[in-house]
Amino acid sequence: MSLYRTPSASSSSSQIPLLNNSDPLNDPLGADAVSIHDTDDLSISVFDDSSKSSSFAKIPTSESSISTDNELDLLDVNLKTLYGGQFEGVRLPPKGSAERNEMERKLKMKIDAAILPIVIAMYMLNYLDRNNIAAAKLGSLVEDLNLTGTQYSSCVSILFVSYTLMQVPSNLILEKVGHPSIYLPAAMVIWGLLSMGTALVKGYRGLLYIRFLIGFAEAAFYPGTVFYLSCWYTKYEIAKRSAIFVCGSWISGAFSGFVAYGVLENLEGTYGLSAWRWLFLIEGTLTVAVALIAIRVLPNLPATTRWLSKEEALLSVLRMFEDVGQQDDDSATSSVSSSTTPPSKFASAMTGFVMAVKDPKVLNILQMMFSLAMTGGINTVFPTIVDSLGFSRPKTLLLTAPPWILCSITSVINSFHSDKTGERCMHMLWGPCLSLFGFLICIFTTSTFLRYIAMLFLLQIYNSWALGFAWMATTVPRPPIKRAAAVAFVNIGANIPNIIVPFLFYQGSEPKFYLGFGVCALFAVLGMLGALGLRSNLRRLNATLQMGGKVDGLDGKTGFRFIL
């Protein structure tokens, strides 16, 4: 496909090439030419070289919505969505008009209604199936399987070994396959079936192996969904949506206590099965059921969602284009570079991974999220920490719920306010600060009342969790293959602590857990320092953009700036 800007009448009559791609794999309709006219309406003409016929798709928008200067000949536009005349004759209200704003508001409501409820339900079950072993431990799991020493901790940690190994490959596969509505639910069916299979294990090795396999399947979900949301929402919208999505895990943290209480107290010995086996069977069955619903409900990507009208699909594509001044496609890294660089270069999954690893911003985010995850790793042992207060099993299970409920509320409020103010760093700091306060209380007192109050603070670290990934998705906006690799790469680092933390709260260290609380407190401080360092780095890069320079192929002239 060849892209051209047709100059205005006052300029030369020759067409200026914007993008040349003759690769038939990327251009199934053959070599096309696209004209972009210098008018208030962006008129796009697709010319088929074989017939020399043309069709026009009107995309009304102002020049300022695409570029802040007059050099539209440098504009990098990927119009693959126009193939087959998909947007032929489609018109949108002018950008900034009341009609356009209302149309966009309704579009966002429609997208929210289609995506958020189902991904929240999926994440609730993702978290339940990953951490229900902690609730099962309060039943007879340890006794029935004859677990000794560190065997239980090994079974908890092994899931996160396979989980981290599969992060990057899974996200790169998703980006290339391009069908999240099938890929993510399919992974969910697999881990749901494996969770059900946990009820059949007879000993330590069986539990260890099946937990390892569950980690492989679950690896697809969280980084895949973070990448998926970044394909639908702009940098000023994604934080609150990410928080609402991640709320699924916090809600499941509370919900799991209630479910475990009901199952462990009422199903012991039913049909000859221990209650903890029923816990895995019930939650695994529910996971498979929700996954089958998700396949029918979850949309793919903006340009390929069937239930969007042509106007809505076009607006969805333009929204993401205008977010950074270029299309959300691997054929571009900037508004200039792809005019001379073949798209196939950026289609390479390995290229995307290398780009992510070499980006200092990604490494900075990795350090920040690893530190926050070391603090937040207490989620893998939270029922054990609450159990150290000395209450009965029913009370212990019920007492795990309030800290998660509080975390859900504060996390959403924090992220909504972050999106509203367009600020990230300061909103990242108060979560680990509150958690640090909670850890210090736990270290210096064994008072039951004060320790439980402290536990309400411990989980506040997760106020920064969803916000951190939203910050990363907008800090590494293009190309998508790099963004997908970066999300997965950082999520690897952010899950390694889940392998380590269970061993810090080892059997016999209760109720004081000095080692575990001390290490978590230290990393809360390191996480805050990482956020401050990232803010300083992005401020420096924004100064470069402000002076008209380029950062990672992003042109300052488009008006793009990193959120601090």
Side-chain angles (χ1 to χ4, degrees), residues 157 160 163-164 167 222-223 226 239 242 246 356-357 359-382 385 407 410-411 414-415 418 423-444 454-455 457-473 475-476 486-506 509 513-540 562-564:
S157 298
F160 297 99
Y163 188 84
T164 56
Q167 296 278 298
Y222 185 79
V226 171
S242 295
V246 173
V357 172
D359 190 339
K361 301 190 302 299
V362 174
L363 299 180
N364 191 160
I365 295 169
L366 174 64
Q367 178 273 323
M368 176 182 72
M369 296 305 294
F370 177 86
S371 299
L372 297 179
M374 278 296 295
T375 305
I378 57 167
N379 79 87
T380 60
V381 293
F382 195 65
I385 294 174
C407 176
T410 55
S411 179
N414 186 43
S415 293
S418 175
E423 198 280 336
R424 293 288 188 262
C425 183
M426 293 298 108
H427 290 81
M428 287 285 296
L429 295 181
W430 75 276
C433 187
L434 288 176
S435 291
L436 176 61
F437 180 63
F439 285 120
L440 293 177
I441 293 176
C442 289
I443 290 172
F444 290 108
M455 289 174 193
F457 290 109
L458 295 185
L459 296 181
Q460 292 301 308
I461 185 68
Y462 286 108
N463 282 307
S464 303
W465 188 254
L467 194 59
F469 276 96
W471 198 8
M472 177 185 62
T475 299
V476 189
V487 170
F489 179 57
V490 170
N491 205 40
I492 287 177
N495 276 281
I496 289 176
N498 289 321
I499 303 172
I500 302 170
V501 172
F503 293 97
L504 300 179
F505 293 84
Y506 56 90
S509 64
F513 297 117
Y514 284 146
L515 176 62
F517 289 143
V519 171
C520 289
L522 171 63
F523 277 94
V525 175
L526 294 177
M528 289 187 280
L529 293 176
L532 291 170
L534 180 60
R535 184 190 191 193
S536 176
N537 186 28
L538 295 181
R539 180 183 284 116
R540 178 180 57 80
F562 294 104
I563 297 181
L564 303 181

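Because the structure is a prediction, the values reported are computed rather than measured.
- Between the CD1 atom of I461 and the CG atom of N379 there is a distance of 11.5 Å, given to the nearest 0.5 Å.
- Put simply, the side chain of N414 never gets that close to the backbone of S464: no donor and acceptor are under 3.5 Å apart.
- Q460 meets the side-chain hydrogen bond (donor to acceptor under 3.5 Å, both in side chains) test with T410, N463; sequence neighbours excluded.
- Considering all non-hydrogen atoms of both residues, F523 and T375 come closest at C-OG1, 3.4 Å.
- Heavy atoms only, all atoms of each residue included: L372 and G527 are closest at CD2-CA, 4.0 Å.
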Given side chain to side chain contact (heavy atoms under 4.5 Å, CB included), test Y222 with N495 step by step and report yes or no.
CA-CA 11 Å; Y222 185 79; N495 276 281; 5.9 Å; no
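- I378 is listed as a side-chain neighbour of C520, based on a closest heavy-atom distance under 4.5 Å.
- Side chain of N364 to backbone of L534: a donor-acceptor contact under 3.5 angstrom is found.
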Side chain to side chain contact (heavy atoms under 4.5 Å, CB included) between M368 and M428, intermediate numbers included:
CA-CA 10 Å; M368 176 182 72; M428 287 285 296; 3.7 Å; yes
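- Annotation: the span from E423 atom CD to L564 atom CG amounts to 7.5 Å, rounded to 0.5 Å.
- Nearest approach of W471 to A531, heavy atoms of both residues: CH2-O, 3.8 Å.
- A distance-only check finds a donor-acceptor pair linking the side chain of S371 to the backbone of Q367 [under 3.5 Å].
- To the nearest 0.5 Å, atom CZ of residue F370 and atom CG of residue L363 are 14.0 Å apart.
- Note that CG of L459 and SG of C407 are 6.0 Å apart. Values are rounded to the nearest 0.5 Å.
- For the pair V501 and M374, the tightest heavy-atom approach, listed with the atom from each and the gap, is CG2-O, 3.7 Å.
- Rounding to the nearest 0.5 Å gives a distance of 10.5 Å between CZ of F382 and CZ of F505.
- Between F439 and F457, the ring center distance fails the sub-6.0 Å criterion.
- Two residues are said to be in side-chain contact when any heavy atoms from C-beta on lie closer than 4.5 Å; S415 and L467 meet this criterion.
- When the shell of 6.0 Å around CZ of F437 is examined, it contains 12 or fewer heavy atoms from other residues, nucleotides or ligands.
- The CG atom of L538 lies 9.5 Å from the SG atom of C425; values are rounded to the nearest 0.5 Å.
- Minimum interatomic distance between G377 and Y462 (heavy atoms only, all atoms of both residues): N-OH, 4.2 Å.
- Under 3.5 Å, the side chains of Y163 and N498 contain no donor-acceptor pair of N or O atoms.
- Annotation: side chain of Y514 is not in contact with side chain of S509 (no heavy-atom distance under 4.5 Å).
- Evaluation of the side-chain hydrogen bond (donor to acceptor under 3.5 Å, both in side chains) test over residues 518-539, restricted to residues two or more places apart or in two chains, returns N537-R540.
- For the pair F513 and I385, the tightest heavy-atom approach, listed with the atom from each and the gap, is CE1-CA, 4.2 Å.
- T164 contributes no side-chain N or O that, together with a main-chain N or O of I492, makes up a donor-acceptor pair within less than 3.5 Å.
- Contact of the L429 side chain with the L532 side chain is registered, since non-hydrogen atoms from C-beta on lie closer than 4.5 Å.
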